[in-house]
> 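Attaching a single structure in structure tokens format; questions to follow.
Not measured: the values here are computed from a predicted model. Residues take their numbers from the sequence shown, with the count starting at 1.
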Amino acid sequence: MIRKNREGAHGWADARKGFRSRLRLTSLRLRLVVVFGLVALTAAVSASGIAYWLNREAVLTRTQDAVLRDFEQEMQNRAGSLPEHPTQDELQHTAGQMTSGGQRFGVLLVAEDATGRTVYGSSGGLGGFALADVPRSLRDAVNKEQKVTSSNKSPYRLYWQRITDDGTPYLVAGARVIGGGPTGYMLKSLEPEAKDLNSLAWSLGIATGLALVGSALLAQALATTVLKPVHRLGVAARRLGEGKLDTRLRVSGTDELADLSRTFNSAAAALEKRVADMAGREAASRRFVADMSHELRTPLTAITAVTEVLEEELEFEGGGFDPMIEPAVRLVVSETRRLNDLVENLMEVTRFDAGTARLVLDDVDVADQITACIDARAWLDAVELDAERGIHARLDPRRLDVVLANLIGNALKHGGSPVRVSVTRGDHEVVIRVRDQGPGIPEDVLPHVFDRFYKASASRPRSEGSGLGLSIALENAHIHGGEITAENSPEGGAVFTLRLPQDASEPDEEDTAGDGAGGDEGKDAEGRAR
């Protein structure tokens, strides 16, 4: 049940992650949808605008031409039959007759009676269409006499203009009766046409919105089709980065994405083969080092026993060695000890590389462990310990001793005494600092102090240590779940900081690393050579 719940939680988390990734502003899917939407919106708005403009001009022109044609005909037939100086009643009667057609426009007739007085006749009565409703520019144009030419056979022409009054559009036109007579003006409301055009605009707006929605859905479908292979490629690349080198993509089709999938499969196959070859060579190299170390232990055991006897003879007063031979014997003894340490270190490194190193945990008083390490190596006069009793941690005592021996011995050799060792308690961890009194570590050496066989000076390729001590110390810290860092103190000298959890993880199986992990025990010189 718990496992199912966890799987459900992981599935929900993956779904949320996928949804968020699709909504990211930088995602290709969103960009495709936005681009498709913008293209569709631009096209729809352009098409709608052009359609609206063409229909608007067509509607207005058709209505305008029909009204003007009827008005012109009424002016010729009815206003033209009036006398040159009509009375107001005659104008009023004629204006009413002119509006009886099907176009439903208002008419205003203006003339001079026999006494020279200006009289008006409106189809809407005295309170209807008035001269003030006609724009001044239109009146001036209507009353202006034109020059009669071969192309212009009339001194007066029909003029029209569109105006808006209180939000309602109107068509205003005017003309004079040729040969003398009244001047007529026409007012036609274009509100029905405006409503039709508004309906057309709403229809085009709805069509634009539908086109935008349709383009977004189409873009989403296309993005899903196009990006699905890209998503599969991304998942496969992540699996490949996680070390699953047998990951392959299913290839279908002959397009560019299919070619990309084939290229990925070829690269993954080549990478798998190369990694397999490298792993095989690395395994063979580890086996060779392990086998060589084991083979060397047998003769080294015998040689070590002999050198111990020789060393006792050297320390015995009045030993029987010739003074000429004594330096050679001392060299053999020191080199045999160094070779023995190197073989032990190589075997320990091989265990770490092979993953067979295990912890044997015990409840350790850290201060007591450090005191035991210092006392066993006769460093009591050269090391200052600042650690309170009672700081306990669950650690592997033997491996902790290896780490302390390498850090303190390295500080004594390269930094000089007194070496100060301090222990503090952190958040669920124990912090051990080893500080020397030397000049510090060169900045170009700091990144490499934990490298295997690293020589700080190319002019000193040979030294007393094996160059593996700090590396083994770091591996022992890692197997506990801890860390070692190296830095220079502002007050001078180098500081190595060891951080170990107070409760290291229990091993899965018994320790198979053996007891041969003594390290350099203070003899690693290459990592800190001055």
> Calculate, to the nearest 0.5 Å, the distance between atoms NZ and OG1 belonging to K244 and T247 respectively.
7.0 Å
> Looking at every heavy atom in both A393 and V366, which two are closest together, and how far apart are they?
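Taking every non-hydrogen atom into account, CB-CG2, 4.3 Å.
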> Do any N or O atoms from the side chain of S123 and from the backbone of V107 form a donor-acceptor pair under 3.5 angstrom?
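A pair under 3.5 Å: yes.
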> For the residue pair P135 and I163, what are the closest heavy atoms and their distance?
CG-CG2, 3.8 Å
> Verify whether one side chain among H478 and E483 offers a donor that lies under 3.5 Å from an acceptor in the other.
yes
> Of E193, R69, R162, K188, which meets side-chain hydrogen bond (donor to acceptor under 3.5 Å, both in side chains) against Q64?
R162
> Show the numbers, then the answer: is there a side-chain contact (heavy atoms from CB on, under 4.5 Å) between E272 and R248?
CA-CA 11 Å; E272 184 180 19; R248 298 294 185 273; 2.7 Å; yes
> Go through the steps to decide whether E487 and R435 satisfy the test salt bridge (Lys or Arg N to Asp or Glu O under 4.0 Å), and finish with yes or no.
CA-CA 10 Å; E487 59 185 347; R435 177 187 170 190; over 6 Å; no
> Which heavy atom of A173 sits nearest a heavy atom of L158, and at what distance?
CB-CD1, 4.3 Å
> Closer than 3.5 angstrom, by distance alone: can the side chain of Q76 be matched with the main-chain N or O of Q73 as a donor-acceptor pair?
no
> With rounding to the nearest 0.5 angstrom, report the CG to CG distance, D70 to N77.
10.5 Å
> Keeping the roles fixed (side chain from N265, backbone from L249), state whether a donor-acceptor pair exists under 3.5 Å.
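Flag set: sc N265 to bb L249 pair under 3.5 Å.
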> Nearest 0.5 Å please: distance from the NE2 atom of H428 over to the CG atom of L500.
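The NE2 atom of H428 sits 15.5 Å away from the CG atom of L500.
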> Would you say F496 and I441 make side-chain contact, with heavy atoms under 4.5 Å?
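Yes. Closest side-chain heavy atoms under 4.5 Å.
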> Let me confirm one number: the CG-OG1 distance from L109 to T183, rounded to the nearest 0.5 Å.
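So the gap between those two atoms works out to 9.0 Å.
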> For P501, does its backbone N or O pair with a side-chain atom of H480 as donor and acceptor, under 3.5 Å?
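Looks like no, no N/O pair under 3.5 Å.
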> Is H93 close to R78 at the side-chain level, that is, under 4.5 Å between some pair of heavy atoms?
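They are not in contact (no side-chain heavy atoms under 4.5 Å apart), so the answer is no.
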> Please check this pair: side chain of N406 against backbone of A473, looking for a donor-acceptor N/O pair closer than 3.5 Å.
no
> Identify the heavy atoms of A486 and L446 that sit nearest to each other, and give their distance.
O-CD2, 3.6 Å
> Is R232 close to V235 at the side-chain level, that is, under 4.5 Å between some pair of heavy atoms?
no
> Take L233 and F264, measure what side-chain contact (heavy atoms from CB on, under 4.5 Å) needs, and give me the verdict at the end.
CA-CA 8 Å; L233 180 62; F264 175 84; 3.6 Å; yes
> Quick check against the 3.5 Å criterion: does Q92 have a side-chain atom that pairs as donor or acceptor with the backbone of S122?
yes
> Return the minimal non-hydrogen interatomic distance between S471 and F450, and the atom names on each side.
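Minimum heavy-atom separation between S471 and F450: CB-O, 3.5 Å.
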> Within a strict 4.5 Å, meaning less than it, do heavy atoms of the M186 and M75 side chains meet?
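No, side chains not in contact.
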> Could you give the distance from CG (L204) to OG (S199), rounded to the nearest 0.5 Å?
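Output value for this atom pair is 11.0 Å.
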> Work out which heavy atom in R433 is nearest to a heavy atom in T424; give both atom names and the distance.
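Heavy-atom minimum between the residues: NH1-OG1, 3.8 Å.
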> Assess whether side-chain contact (heavy atoms from CB on, under 4.5 Å) is satisfied between F71 and M98, documenting all intermediate values.
CA-CA 8 Å; F71 174 68; M98 292 176 65; 4.2 Å; yes
> Given side chains that start at C-beta, do those of P182 and V177 come closer than 4.5 Å, heavy atoms only?
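Contact flag for P182/V177 side chains = yes.
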> Would you say the side chain of V403 lies within less than 4.5 Å of the side chain of I484, judging by non-hydrogen atoms?
yes
> Say whether, by atom type as modelled, one donor and one acceptor occur between the side chain of R117 and the main chain of A114 under 3.5 angstrom.
no
> Mind checking whether L171 and W160 have side chains closer than 4.5 Å, heavy atoms only?
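Side-chain contact under 4.5 Å: yes.
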> Output yes when a side-chain donor or acceptor of T94 lies under 3.5 Å from a complementary backbone atom of L91, and no otherwise.
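Between the backbone of L91 and the side chain of T94 there is no qualifying donor-acceptor contact (under 3.5 Å).
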> Less than 4.0 angstrom from a charged side-chain N to a carboxylate O is my criterion; do D140 and R136 meet it?
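Yes, D140 and R136 are salt-bridged.
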> Is it the case that the side chain of D133 and the backbone of A130 share a donor-acceptor pair, with hydrogens and angles ignored and the cut-off at 3.5 Å?
yes
> What is the distance from atom CZ of R499 to atom CD1 of I432, rounded to the nearest 0.5 Å?
11.5 Å
> Looking only at the side chains, is there a donor atom on one of H392 and D363 sitting less than 3.5 Å from an acceptor on the other?
yes
> For the residue pair T168 / E191, report whether a side-chain donor-acceptor contact shorter than 3.5 Å exists.
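Result is no, nothing qualifies.
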> Considering only NZ, NE, NH1 and NH2 on the basic side and carboxylate oxygens on the acidic side, decide whether D259 and R262 come within less than 4.0 Å.
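So D259 pairs with R262 through a salt bridge.
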> Quick check: do V423 and V430 have side-chain heavy atoms less than 4.5 Å from each other?
yes
> Evaluate the criterion side-chain contact (heavy atoms from CB on, under 4.5 Å) for residue pair Y185 and V110; output intermediate values, then yes/no.
CA-CA 8 Å; Y185 296 100; V110 182; 4.2 Å; yes
> Closer than 3.5 angstrom, by distance alone: can the side chain of T61 be matched with the main-chain N or O of A58 as a donor-acceptor pair?
no
